[in-house]
Amino acid sequence: MLIRKFILAGMFALLALAGGVQAGGNAERGAKLVEDCVSCHGHDGKGNFETPAIAGLEEAYIYQQLKDFSSGKRASMDGIMHLYTVERNDRDKSDLAAYWSSRKPEELDP
Ligand code: HEC
C-alpha cells in the first residue's frame with residue numbers, strides 16, 4: 001500500500017517536472033513587461049527599418065539573445081540592447097522570450 005503511494009507521488013513529481021520544462025517562460029507575465037520593447041520593436045514585434053522583428057522567433061533563441069546582450073557577449077548598435085536587458089533578471093528574460101515567441105507575425109495586422 002505504502003509502495004503504491006510512493007510510486008504515485010513519484011509519477012506526479014515527474015509529470016510536474018516535465019510540464020515545467022515544456023512550458024518555459026510565462027508569456028502572460030511577459031506581456032506585462034513589454035512596454036520597454038515596443039517603442040523600438042513595435043507593438044506587434046515586427047520591428048522597423050532599424051530594429052529587427054522579434055515576434056514569432058524561437059523562444060530559446062530570444063532568451064539566449066537577451067542573455068548575451070545583457071552579459072555583453074552580443075553587441076548591438078550603441079549598446080542599446082545591453083541597456084534594455086542588463087537590469088532584467090533571468091525570469092523576466094525567459095518570460096519576455098515566451099511572450100514574443102508566442103506572437104505570430106502572420107496573425108498580426110499588416
Ligand atoms: C531603443 C530601441 C530598442 C529597445 C527599447 C529594445 N530593442 Fe531589441 N533591438 C534593438 C536593435 C537596434 C536591435 C538590433 C541589434 C543588433 O543586432 O545590432 C535589437 C535586437 C533585439 C533582438 C535580437 C533579434 C535577432 O534577430 O537576433 C532581440 C531578441 C530583442 N532585440 C529583444 C528585445 C526585447 C525583448 C526588448 C524589451 C525588453 C527590446 N528588444 C527592446 C533595439 C531595441
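Note that these values count all heavy atoms, side chains included, but never hydrogens, waters or copies made by symmetry. Atoms within each ligand, like the ligands themselves, are counted from 1 in listed order.
- Nearest protein heavy-atom contact of atom 25 (C) of ligand 1 is Y61 OH, 3.3 Å.
- At least one heavy atom of L66 sits closer than 4.0 Å to an atom of ligand 1.
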For this session: Assess whether side chain to side chain contact (heavy atoms under 4.5 Å, CB included) is satisfied between D36 and R88, documenting all intermediate values.
Result: CA-CA 11 Å; D36 263 358; R88 299 244 178 228; 3.1 Å; yes
For this session: Carefully, step by step, assess L66 and M81 under the rule side chain to side chain contact (heavy atoms under 4.5 Å, CB included).
Result: CA-CA 8 Å; L66 296 180; M81 279 306 301; 4.0 Å; yes
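- Checked against side-chain contact (heavy atoms from CB on, under 4.5 Å), V86 has the following partners two or more places apart in sequence or in another chain: H82.
- Of all protein N/O/S atoms, those under 2.8 Å from atom 8 (Fe) of ligand 1 are H41 NE2, M81 SD, and waters are not counted.
- In the candidate list R88, R74, E35, K93, R74 is nearest to atom 17 (O) of ligand 1, counting heavy atoms.
- Residue, atom and distance of the protein heavy atom nearest to atom 5 (C) of ligand 1 are D36 O, 2.9 Å.
- In this structure, the side-chain contact (heavy atoms from CB on, under 4.5 Å) partners of S70, at least two apart in sequence or on a different chain, are T85, K93.
- Salt-bridge annotation for K32 and D95: absent, with no side-chain N of the basic residue lying under 4.0 Å from a carboxylate O of the acidic one.
- The stretch residues 70-85 participates, sequence neighbours left out, in no salt bridge (Lys or Arg N to Asp or Glu O under 4.0 Å) pair at all.
- For E35, the CD atom sits in a packed shell: over 12 heavy atoms of surrounding residues, nucleotides or ligands are nearer than 6.0 Å.
- Under a 4.0 Å criterion applied to the non-hydrogen atoms of M77, ligand 1 contributes the atoms 12 (C), 18 (O).
- Residues V34 and Y99 are in side-chain contact: their nearest non-hydrogen atoms beyond the backbone lie under 4.5 Å apart.
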